[in-house]
Amino acid sequence: MDMDFIGNWTRTHDINKVSQDLDSQQVVLFGWVQDVRDLGGIRFIIMQDRTGTIQITILKKRVDPEVLQKSDLLQKRFSIAVMGTVKKTNMTPRGIEIIPTQIKLLNIAIEQLPIDITGKTPANIETRLDARALDLTAESTIAVFKIQHTALQAIRSFLFEKGYLEVHTPRIIASATEGGAELFGVKYFDQTAYLAQSPQLYKEQLTMSLEKIFEVGPFFRAEESHTRRHLSEFTSVDIEQAFANADDVMALLEQVIHHVCVTVKETCSNELHVLKYKFEVPELPFKRLTYTEVLESLKEHGVDIPWGEDIPTEAFRELGKLYPFFYFVTDWPSKAKTFYIKPRRENPEVCEGFDLMWRYIELVSGGTRIEHKEQLVCRMREKGLNPESFKYHLQAFDWGMPPHAGWAIGLERLTMVLSGRKNIRETTLYPRDRIRLTP
RNA sequence: GCUCGGGUAGUAUAGUUCGGUCUAGUAUAUGCGGCUGUCGCCCGUAGGACCCGGGUCCGAAUCCCGGCCCGAGCGCCA
């Protein structure tokens with residue numbers, strides 16, 4: 001099949017920018033064939049780009065024979081350019097259609113696509129991920145990532161506005177940053193290195209220089225987790241701030257989340273409509289429950305957890321039914337949190353760590369950090385960690401480490417909340433999990 | 001890692017309980033033909049599948065054993 005060249009054509013409009021205001025004007029559109037409906041004497045080409053779809057209408061008796069001939073060839077996913085006239089009409093949902101004067105065929109696709117991109121016969125997530133590049137062309141999939149983009153943009157602009165500096169810490173590290181989560185090892189010349197599970201230690205160190213920082217980036221956990229909310233590679237939105245405590249960063253966090261919800265709701269109404277999903281902008285402040293209150297609340301509903309134990313998933317699911325929106329869980333037992341979270345001065349059994357939950361999903365975790373070296377070393381030992389392997393981190397505490405606090409949002413989990421997806425792999429372009437390493 | 005559940009055309013599924021009209025049904029997709037206002041177009045037509053290996057049996061998609069792959073939940077973790 002002969003292909004055309006773009007030549008001197010330039011795109012004049014994104015497809016969603018073509019409106020009734022452009023009636024009778026000539027436009028040049030680039031995109032793909034999403035669907036062809038041929039009724040005999042009339043043929044409708046549904047053309048798609050990342051912004052939406054538009055109908056190209058071909059009246060076979062009236063159209064230029066060359067255009068007709070070209071349109072005979074078109075199949076789903078063929079990449080095309082269309083020059084044509086915008087026509088106002090009451091016969092399409094958008095009130096416009098394109099009457100083509102010239103069509104260029106830029107590239108072809110196979111006849112039998114591995115998944116249905118129009119949504120008529122939805123495929124399972126596994127099948128979709130195997131053909132992810134194609135799956136990502138489905139309007140509903142695009143919608144998820146537009147929402148993610150909008151959320152991230154909202155977070156960034158909010159934090160920039162508040163004076164946070166965006167930073168980039170290493171992904172390749174020499175040893176465990178936190179203990180706990182398993183690390184992926186990598187060959188690093190003649191040494192063994194690891195993929196970072198979090199920017200935690202670096203961002204803490206940066207509070208003694210840049211004071212208020214944030215970072216968005218991928219982190220890696222070599223856990224055996226096999227659930228709808230875990231990934232081996234995920235995107236973390238981290239902040240850390242000097243001269244602040246848990247209360248300060250919780251207040252910041254709920255404002256960030258609120259701003260994200262408002263922004264997504266305002267600017268992604270089409271995407272939310274495509275996804276058939278609605279959410280309410282949460283009211284501030286978010287509910288704050290202490291760990292002890294959570295246990296009491298669970299006990300009233302028949303779930304008995306001894307104080308000090310971690311809260312199992314099943315209990316969180318129960319809790320999510322009682323508090324179906326955003327809520328904080330604060331004042332965790334010190335032994336249930338990592339070493340760098342600060343125990344409360346008046347009662348060291350509990351700490352200044354918190355989680356922001358959405359129903360049963362842990363969206364964010366954070367807290368006040370320990371700023372004194374001796375206490376930090378002491379906590380490392382309690383957790384069975386060797387302070388020697390943290391010597392480069394610990395030396396920073398000799399140089400005027402300020403009191404500080406911070407948090408980390410799981411971006412894919414936040415996207416689940418904002419898009420109503422129930423599997424985290426739907427909110428990641430190319431997910432990596434216990435099983436999947438491709439595509 | 002543990003416990004369940006599953007593997008049938010490109011996709012999504014029915015059939016498996018209790019083996020036999022299963023020559024494996026349906027939808028959608030694909031090919032071909034028809035149709036001038038569709039928008040999940042419609043109508044006709046064609047081709048297309050029982051994860052692999054072994055066993056029981058006159059007979060296995062269905063039962064048994066082994067393998068491979070996948071999902072959900074738990075644990076771990078965030």
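Proteins get letters first, then strands, A, B, ... in listed order; numbering begins at 1 in each. Everything quoted here is computed from the prediction, not taken from an experiment.
- When the C1' atom of B:G10 is taken as reference, atom CG of A:D135 falls 15 Å away, rounded to whole Å.
- Nearest-nucleotide mapping onto RNA chain B: of A:R434 and A:F234, the residue sitting toward the 5' end is A:R434.
- Of the residues in residues 285-317 of chain A, those placing a heavy atom less than 4.0 Å from an atom of RNA chain B are A:P312, A:T313, A:R317, in numerical order.
- Shown here, B:G33 forms a base pair with B:C43; the pair counts as Watson-Crick or G-U wobble because both key distances fall under 3.5 Å.
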Along nucleotides 36-51 of chain B, 5' to 3', which nucleotides get a B, which get an S, and which get a -, given that the test is a protein heavy-atom distance under 4.0 Å? BBBBBB----------
Please table the atom pairs, donor to acceptor, closer than 3.5 Å between any side-chain atom in residues 306-329 of chain A and protein atoms at least two apart or in another chain.
residue: A:W307; atom: NE1; partner: A:T292; partner atom: OG1; Å: 3.0
residue: A:Y323; atom: OH; partner: A:S297; partner atom: OG; Å: 3.4
residue: A:Y327; atom: OH; partner: A:R359; partner atom: O; Å: 2.8

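- Using C1' as the reference atom, B:A49 and B:U8 are 6 Å apart when rounded to the nearest Å.
- For the salt bridge (charged side-chain N to carboxylate O under 4.0 Å, His left out) test, no residue two or more places apart in sequence or in another chain qualifies with A:E139.
- Residues passing the side chain to side chain contact (heavy atoms under 4.5 Å, CB included) test with A:N107 are A:M3, A:S79, sequence neighbours excluded.
- The partner of B:A60 is absent, by the rule that a Watson-Crick or G-U pair needs both atom distances under 3.5 Å.
- Only at 4.0 angstrom or more do the heavy atoms of residues 18-34 of chain A sit from any atom of RNA chain B, so none qualifies.
- Applying the 4.0 Å criterion to OP1 and OP2 of B:G7, one finds that A:N124 has every side-chain N and O outside that range.
- Against RNA chain B, the stretch residues 245-256 of chain A makes no heavy-atom approach under 4.0 Å.
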Protein within reach of the bases, or only the backbone? For nucleotides 67-72 of chain B, mark each nucleotide 5' to 3' as B, S or -, using heavy atoms under 4.0 Å. ---SSB
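- Using Watson-Crick or G-U wobble geometry with both donor-acceptor distances under 3.5 Å, B:G1 finds its partner in B:C74.
- In this structure, the side chain to side chain contact (heavy atoms under 4.5 Å, CB included) partners of A:P439, at least two apart in sequence or on a different chain, are A:R132, A:Y430, A:R436.
- Between A:F390 and A:Y340, the distance from one ring center to the other does not fall under 6.0 angstrom.
- Residue-level contact check: A:S225 touches the bases, meaning some heavy atom is under 4.0 Å from a base atom.
- Open room surrounds OH on A:Y392; 12 or fewer heavy atoms of other groups in view lie less than 6.0 Å from it.
- Pair check for B:C22 finds none; no Watson-Crick or G-U wobble contact set falls under 3.5 Å.
- A:Q34 and A:T118 are not linked by any side-chain donor-acceptor pair at a separation below 3.5 angstrom, with hydrogens and angles left out of the test.
- Applying the salt bridge (charged side-chain N to carboxylate O under 4.0 Å, His left out) criterion to A:R43, with sequence neighbours excluded, gives A:D38, A:D72.
- Scored by the salt bridge (charged side-chain N to carboxylate O under 4.0 Å, His left out) test, A:K104 finds no partners at all (sequence neighbours excluded).
- In terms of the salt bridge (charged side-chain N to carboxylate O under 4.0 Å, His left out) criterion, A:E66 has no residue partners (sequence neighbours excluded).
- In this model, no donor atom of one side chain and acceptor atom of the other lie less than 3.5 Å apart for A:H404 and A:E371.
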